[in-house]
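All ligand and atom numbering here is 1-based and tracks the order in the structure.
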Amino acid sequence: MNDSFCCEDMRYHATNHCPVHDSPYECPDWLIVRDDEGDFGIVIHDGGTSCVEIRYCPWCGTRLTAENRT
Ligand SMILES: [Zn+2]
Ligand SMILES: [Zn+2]
């Protein structure tokens, strides 16, 4: 897994910058998660561990899906 991000907004929101929470599902300020395949998702803060996969960056619009897939 590389750590390249399309923009600073994505880098910020996909990186753990919270001193309190270890899990993005517990932190209301942590919006973006990445799964093992490198797919991005938006965390659904409903108390569970759900997220919605996103294919484009919500901030800059860059396509996020891995390039080796169509
Ligand atoms: Zn937090
Ligand atoms: Zn972006």
Side-chain angles (χ1 to χ4, degrees):
M1 180 170 108
N2 65 51
D3 63 350
S4 64
F5 293 95
C6 54
C7 60
E8 285 304 310
D9 284 325
M10 179 59 93
R11 182 193 299 278
Y12 179 83
H13 289 289
T15 304
N16 181 11
H17 52 271
C18 178
V20 178
H21 304 100
D22 292 327
S23 165
Y25 303 105
E26 297 173 357
C27 181
D29 297 323
W30 193 346
L31 300 179
I32 302 295
V33 292
R34 274 180 118 178
D35 67 14
D36 293 339
E37 296 173 341
D39 292 325
F40 288 87
I42 291 182
V43 178
I44 308 299
H45 287 291
D46 61 355
T49 56
S50 48
C51 68
V52 173
E53 185 180 337
I54 53 175
R55 296 183 181 82
Y56 294 89
C57 174
W59 292 279
C60 74
T62 296
R63 194 164 188 268
L64 299 173
T65 49
E67 290 183 2
N68 61 357
R69 286 183 292 158
T70 53

Visitor: With the Zn ion (ligand 2) at the center, what angle do SG from Cys7 and SG from Cys6 span, rounded to 10 degrees?
Guide: 120°
Visitor: Would you compute the distance between atom CD1 of Ile42 and atom CD of Glu53 and round it to the nearest 0.5 angstrom?
Guide: 11.0 Å
Visitor: Angle at the Zn ion (ligand 2), SG of Cys57 to SG of Cys60, rounded to 10 degrees, please.
Guide: 110°
Visitor: Quick one: report the N, O or S atom of His21 that is nearest to the Zn ion (ligand 1).
Guide: ND1
Visitor: On the six-membered ring of Phe5, is Arg34 placed so that its NZ or CZ lies under 6.0 angstrom from the centre and within 45° of the ring axis?
Guide: yes
Visitor: So that I know where these two stand, are Trp30 and His45 an aromatic pair - ring centroids less than 6.0 Å apart?
Guide: no
Visitor: Measure from the ring center of Tyr12 to the ring center of His17 and say whether it is less than 6.0 Å.
Guide: yes
